[in-house]
Colleague: 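I have a structure here, written as structure tokens, and I will follow up with some questions on it.
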Amino acid sequence: MSGPISSRPATSRPAHLQWRLLGLVALGGVIGAGVREALTLVIPHLGVFPIAVFGINVTGAFILGALLEALAQRGPDEGRRRAVRLFVGTGVLGGYTTYSTLAVDTAQLLRADDWLWAAVYALGTVIVGAAASIAGILLVARSAGRAPERAAAGAHAGPETSALDDGEAA
């Protein structure tokens, strides 16, 4: 069967129709969900406060902010940068963070008439998570701002391209 979609090369298809990219997201999701499950099993609640899920969502927000800023600084969302974004950002961090568990835990706190902890948990996760993502962005942006200074001082001894750059230049 041939048609306009099947006659196009695989690379011209949108990302959500490319099996290779879908596989990267799925593999990353399995890894991230596994890490999250392991952490929630070993880190007990702090009283009624689900500290593991809180920490997971906040650290995930920080890492995602840093990752996306680092990728954005290296160029357009294509090639290896897109693959890294989909694998780590959408897959690993999407599986690692769990805002659905935040909703369930908040509902359980509300059912137990623990309104104060429910509010602290829900609002705290969103506010601290937003601050963590901004901190990740600023950390990478600040580090990138210092890179030219290090290069000028002779401290930059690495290759001109990084693993996140497209392989064409390497």
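All figures in this text were calculated on a predicted structure; none of them were measured in a lab.
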Colleague: Can you check whether L39 reaches I56 side chain to side chain, under 4.5 Å on heavy atoms?
Modeller: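 They are in side-chain contact.
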Colleague: Could you go step by step and tell me if V84 and L67 meet the side-chain contact (heavy atoms from CB on, under 4.5 Å) rule?
Modeller: CA-CA 9 Å; V84 168; L67 171 71; 4.0 Å; yes
Colleague: Step by step, work out the side-chain contact (heavy atoms from CB on, under 4.5 Å) result for V104 and Q108.
Modeller: CA-CA 6 Å; V104 170; Q108 289 176 343; 4.0 Å; yes
Colleague: Do F62 and L102 sit in one hydrophobic cluster, given that two such residues count as connected whenever their side-chain heavy atoms are within less than 4.5 Å of each other, even indirectly?
Modeller: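 Linked within one cluster.
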Colleague: If you define the side chain from C-beta out and look only at heavy atoms, does anything of P14 sit under 4.5 Å from L17?
Modeller: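 P14 reaches L17 side chain to side chain.
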Colleague: Mind checking whether Y121 and F54 have ring centres under 6.0 Å apart?
Modeller: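 That pair fails the under 6.0 Å test.
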Colleague: For a quick test of reading the model, state the closest non-hydrogen atom pair linking G89 to L93 and the distance between them.
Modeller: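 That would be O-CB, 3.4 Å.
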Colleague: Roughly how far, to the nearest 0.5 Å, is the CD1 atom of I63 from the OG atom of S133?
Modeller: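 It is 12.0 Å, given to the nearest 0.5 Å.
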Colleague: Looking only at heavy atoms, what is the nearest atom pair of L110 and A118, with distance?
Modeller: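 Smallest interatomic distance, heavy atoms only, reads CD2-CB, 3.5 Å.
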Colleague: Mind running side-chain contact (heavy atoms from CB on, under 4.5 Å) on F87 and I31 for me, showing each step along the way?
Modeller: CA-CA 10 Å; F87 175 69; I31 293 168; 3.9 Å; yes
Colleague: Please name the pair of heavy atoms, one in I51 and one in P44, separated by the smallest distance, quoted to 0.1 Å.
Modeller: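 So the minimum-distance heavy-atom pair works out to CG2-O, 3.4 Å.
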Colleague: Given 3.5 Å as the limit, does a donor-acceptor pair link the side chain of N57 with the main chain of T98, or not?
Modeller: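 Flag set: sc N57 to bb T98 pair under 3.5 Å.
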Colleague: Is I127 linked to L116 within one hydrophobic cluster, defined over Ile, Leu, Val, Met, Phe, Trp and Tyr using a side-chain heavy-atom separation of less than 4.5 Å?
Modeller: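 No; L116 is not reachable from I127 via cluster members.
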Colleague: Can you hop from W115 to L46 via hydrophobic side chains spaced under 4.5 Å?
Modeller: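 Per the 4.5 Å side-chain linkage, W115 and L46 are not co-clustered.
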Colleague: Going hydrophobic residue to hydrophobic residue with side-chain gaps under 4.5 angstrom, can you get from V126 over to I134?
Modeller: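 No, V126 and I134 fall in different hydrophobic clusters.
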Colleague: Does any N or O in the side chain of Q18 come within less than 3.5 Å of the main-chain N or O of R13, such that one atom is a donor and the other an acceptor?
Modeller: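 Confirmed, Q18 side chain pairs with R13 backbone.
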Colleague: To check you understand the geometry: which heavy-atom pair defines the closest contact between G95 and R36, and what is its length?
Modeller: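 Closest heavy-atom pair between G95 and R36: O-NE, 2.9 Å.
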Colleague: Should V48 and L109 be marked as a side-chain contact (heavy atoms from CB on, under 4.5 Å) after you check the CA-CA gap, both sets of side-chain angles, and the distance that decides it?
Modeller: CA-CA 8 Å; V48 296; L109 288 168; 3.9 Å; yes
Colleague: Does a donor on one side chain sit under 3.5 Å from an acceptor on the other, for Y96 and T59?
Modeller: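 Their side chains do contain a donor-acceptor pair, which is all the 3.5 Å distance test asks for.
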Colleague: Quick check: closest heavy atoms across G129 and V58, and the distance to 0.1 Å?
Modeller: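 The pair with the smallest heavy-atom distance is N-CG2, 4.2 Å.
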Colleague: Who passes salt bridge (charged side-chain N to carboxylate O under 4.0 Å, His left out) against R82, sequence neighbours left out?
Modeller: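 Salt bridge (charged side-chain N to carboxylate O under 4.0 Å, His left out) list for R82, sorted by chain: D77.
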Colleague: How about L24 and L27: do any of their side-chain heavy atoms sit closer than 4.5 Å?
Modeller: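 The answer is no; the side chains never approach within 4.5 Å.
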Colleague: Would you give the length of the straight line joining atom CZ of F49 to atom CG of D105, rounded to the nearest 0.5 angstrom?
Modeller: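 Output value for this atom pair is 9.5 Å.
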Colleague: How far apart are the closest heavy atoms of A61 and T97, and which atoms are they?
Modeller: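 For A61 and T97, the tightest heavy-atom pair comes out as N-CG2, 4.5 Å.
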Colleague: If Ile, Leu, Val, Met, Phe, Trp and Tyr residues are connected whenever their side-chain heavy atoms lie under 4.5 Å apart, and connections chain through other members, are I43 and L41 in the same group?
Modeller: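 Different hydrophobic clusters.
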Colleague: Got a second to check how far R85's CZ is from L64's CG, nearest 0.5 Å?
Modeller: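 Reported value, rounded in 0.5 Å steps: 10.0 Å.
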